[in-house]
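See below for the structure under consideration.
The structure displayed is predicted, hence computed values, not measured ones. Chain naming here is simple, since letters A, B, ... match the order of the sequence lines and numbering starts at 1 in each.
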Protein chains: 2
Amino acid sequence: METIITSPNKTVKIGPDHPFVIIGERINPTGRKLLGKEMAAGNFDRVRQDAIAQVQAGAHMIDINAGIPMADEPGILAEAIQVVQSVVDAPISIDSSIIGALEAGLKAYQGKPLVNSVTGEEDRLEVILPFIAEHKAAVIGVANDASGISHDVDVRFAVAKLIVERAESYGIPREDVIIDPLAMPVGAIPGAGPTLFKLISRISNELGVNTCLGASNVSFGLPARPALNATFLAMAIGAGLTSAITNPLEPEMYKAILGGDVFMNHDDNCQAWIAHNKSKVTEGETGGRRSRRSIRVEQPTN
Amino acid sequence: METIITSPNKTVKIGPDHPFVIIGERINPTGRKLLGKEMAAGNFDRVRQDAIAQVQAGAHMIDINAGIPMADEPGILAEAIQVVQSVVDAPISIDSSIIGALEAGLKAYQGKPLVNSVTGEEDRLEVILPFIAEHKAAVIGVANDASGISHDVDVRFAVAKLIVERAESYGIPREDVIIDPLAMPVGAIPGAGPTLFKLISRISNELGVNTCLGASNVSFGLPARPALNATFLAMAIGAGLTSAITNPLEPEMYKAILGGDVFMNHDDNCQAWIAHNKSKVTEGETGGRRSRRSIRVEQPTN
């Protein structure tokens, strides 16, 4: 299986035979009030900076979310996409649940984007999937439905299967559907880890599709979140995860991903690992990267 | 499956329903010339200190190796065991391939030890296994035979199976055999990671036995070894690994193990993770622990 996402100058391949794909999570006003305020006011300086910084830090793609209360989401999303495409080649994940915003985003986007996301809810499937098929985009299918997020592996797997099959019925090839098995906060839901690893494995092996998840919320409410997130991501990669929406500016997270590539045999002669760690000025910081302090100030607080 | 190892005052349970078991690797003269010299001269001060430091850092068991060229291995091993048992309650992994040394070690040991190790070589099986059965010890079976270490999952699995079945034929219950699937340096053997994760999973699921490995050699020859080892260990724990011979004094390694317990649902209410990270004085260092600098000076160079 291989999901192909493009921009005019870059093609990203997601799949079990490729290095892990990092989708930079930073351009998202959820928990970043200042960013949301600026975007709503038509100031995209921070969006531009965040796109560049994430790509420099190792992001292969950039997620863009413009969900700002009381604001013109379609217009802001479209403009953010144009701004990001003017400064980086990385293909984009267009992140909205509003069909009007997705329409505006897809119209503005140059290339084949990833649409983030559709759930297994009937009314969402009916609206989003024909739209994905029409635009020949790829889509993230999130493994919950109208009944919520089940703690039962079989139930959540069934939702994933439904999304993949329904997408096919609309003419969307299986390789253009990426399933998000849903990473739950482990502090609140004790069995979240084993459930998730089983889901990743079953979705990969039984449905033959790629997987993606938001890798920063698993540690919600716990101390030392970057270290915990990094351990989680390493385990998820081992279980077969092929992409994540995450923050490559977190040094521990980025190391876990590069290390994951080494042990999945996706880093020829360990070149990427060696290059990353030889260029280090001090532990946990690379030359071209913003300091951890400046990143942390802006981090989502959720 | 549950492997039980004991000392007079402590019982350690290894298994998929228990927190990951850390067997401290430090008391091993391989690559530690000064330690070897001192042990050969009858000076066990460093052995004593290393035992205490590893237990304070989180080791559940202590591995003791006395393989010093031209020295009296049986006598030194027996004395080291007595010294360690006089200062810590942690049960011991008696590490030798020499039957005379194992005999002396088992005679000196109080409790039910783990013997590290027997390979799948016929002449080793015939000598070590009856001895394990007689002493009602547990044993680590290493998945290589006279033909060497195969890169083929099926071949290495067959060696593991042979060891487990042969042990049973000598009356050693399956739960007293722990298989070491052999972690190879990923810099030299590109497919080492996927091979190993598959082996851990098959050995756990198909043979129903516990697994253990030396987790520090996978990164041989590569930069940033602690970070790479930590990522590896997280992935191996996710694949089902239940114990490792490793260095809990490495903060990144210890965090990966505690994080692994969180995501395997082996840390009730994340208590161990919270306690470890709340007690931190500064990132990567805990109050009661020796500084990283002093540890690094003494690290094995292999």
Side-chain angles (χ1 to χ4, degrees), chain A residues 16 183 185-197 200-201 218-219 221-241 251-252 254-270 273-280 283-284 292, chain B residues 16 183 185-197 200-201 218-219 221-241 251-252 254-270 273-280 283-284 292:
Chain A
V186 77
I189 299 160
T195 299
L196 191 74
F197 303 141
I200 292 170
S201 170
V218 287
S219 58
L222 294 170
R225 295 186 60 177
L228 198 56
N229 289 346
T231 297
F232 167 75
L233 202 47
M235 295 170 84
I237 291 170
L241 187 73
E252 282 157 298
Y254 190 61
K255 270 193 210 173
I257 292 169
L258 287 185
D261 279 342
V262 167
F263 294 112
M264 295 304 277
N265 199 15
H266 292 157
D267 180 7
D268 286 349
N269 298 314
C270 307
W273 179 265
I274 291 167
H276 177 70
N277 288 290
K278 288 230 159 139
S279 72
K280 282 202 302 183
E283 180 74 15
R292 289 180 65 169
Chain B
V186 77
I189 299 160
T195 299
L196 192 74
F197 303 140
I200 292 171
S201 169
V218 287
S219 59
L222 294 170
R225 293 186 61 179
L228 198 55
N229 290 346
T231 297
F232 167 76
L233 202 48
M235 296 172 83
I237 291 170
L241 186 73
E252 283 156 297
Y254 190 60
K255 270 193 209 173
I257 292 169
L258 288 186
D261 279 341
V262 167
F263 294 112
M264 296 303 278
N265 199 14
H266 292 156
D267 181 6
D268 287 348
N269 297 315
C270 306
W273 179 264
I274 291 167
H276 177 69
N277 288 291
K278 289 234 159 137
S279 71
K280 282 203 303 185
E283 181 74 15
R292 290 179 65 169

Between [X] and [Y], what is the shortest heavy-atom contact and its length?
{"X": "B:P190", "Y": "A:N265", "result": "O-OD1, 3.0 Å"}
{"X": "A:F263", "Y": "B:L228", "result": "CE1-O, 3.4 Å"}
{"X": "B:T231", "Y": "A:K255", "result": "OG1-O, 4.2 Å"}

Would you check if B:M264 and A:M235 make a side-chain contact, meaning some heavy-atom pair closer than 4.5 Å?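 Result yes, sub-4.5 Å side-chain heavy-atom pair found.
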
Out of A:G260, A:A239, A:G187, which one racks up the most heavy-atom pairs below 4.5 Å with chain B? A:G260

Find the one option among A:G238, A:G259, A:G193, A:P223 whose heavy-atom pairs under 4.5 Å with chain B are most numerous.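 Top option by heavy-atom pairs under 4.5 Å: A:P223.
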
Between B:A230, B:A234, B:S219, which residue shows the highest count of heavy-atom pairs closer than 4.5 Å to chain A? B:A234

To the nearest 0.5 Å, how far apart are CG in A:L222 and NZ in B:K278?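 The NZ atom of B:K278 is 9.0 Å from CG of A:L222, to the nearest 0.5 Å.
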
So for A:F197, is it side chain, backbone, both, or neither that comes closer than 4.5 Å to the heavy atoms of chain B? side chain

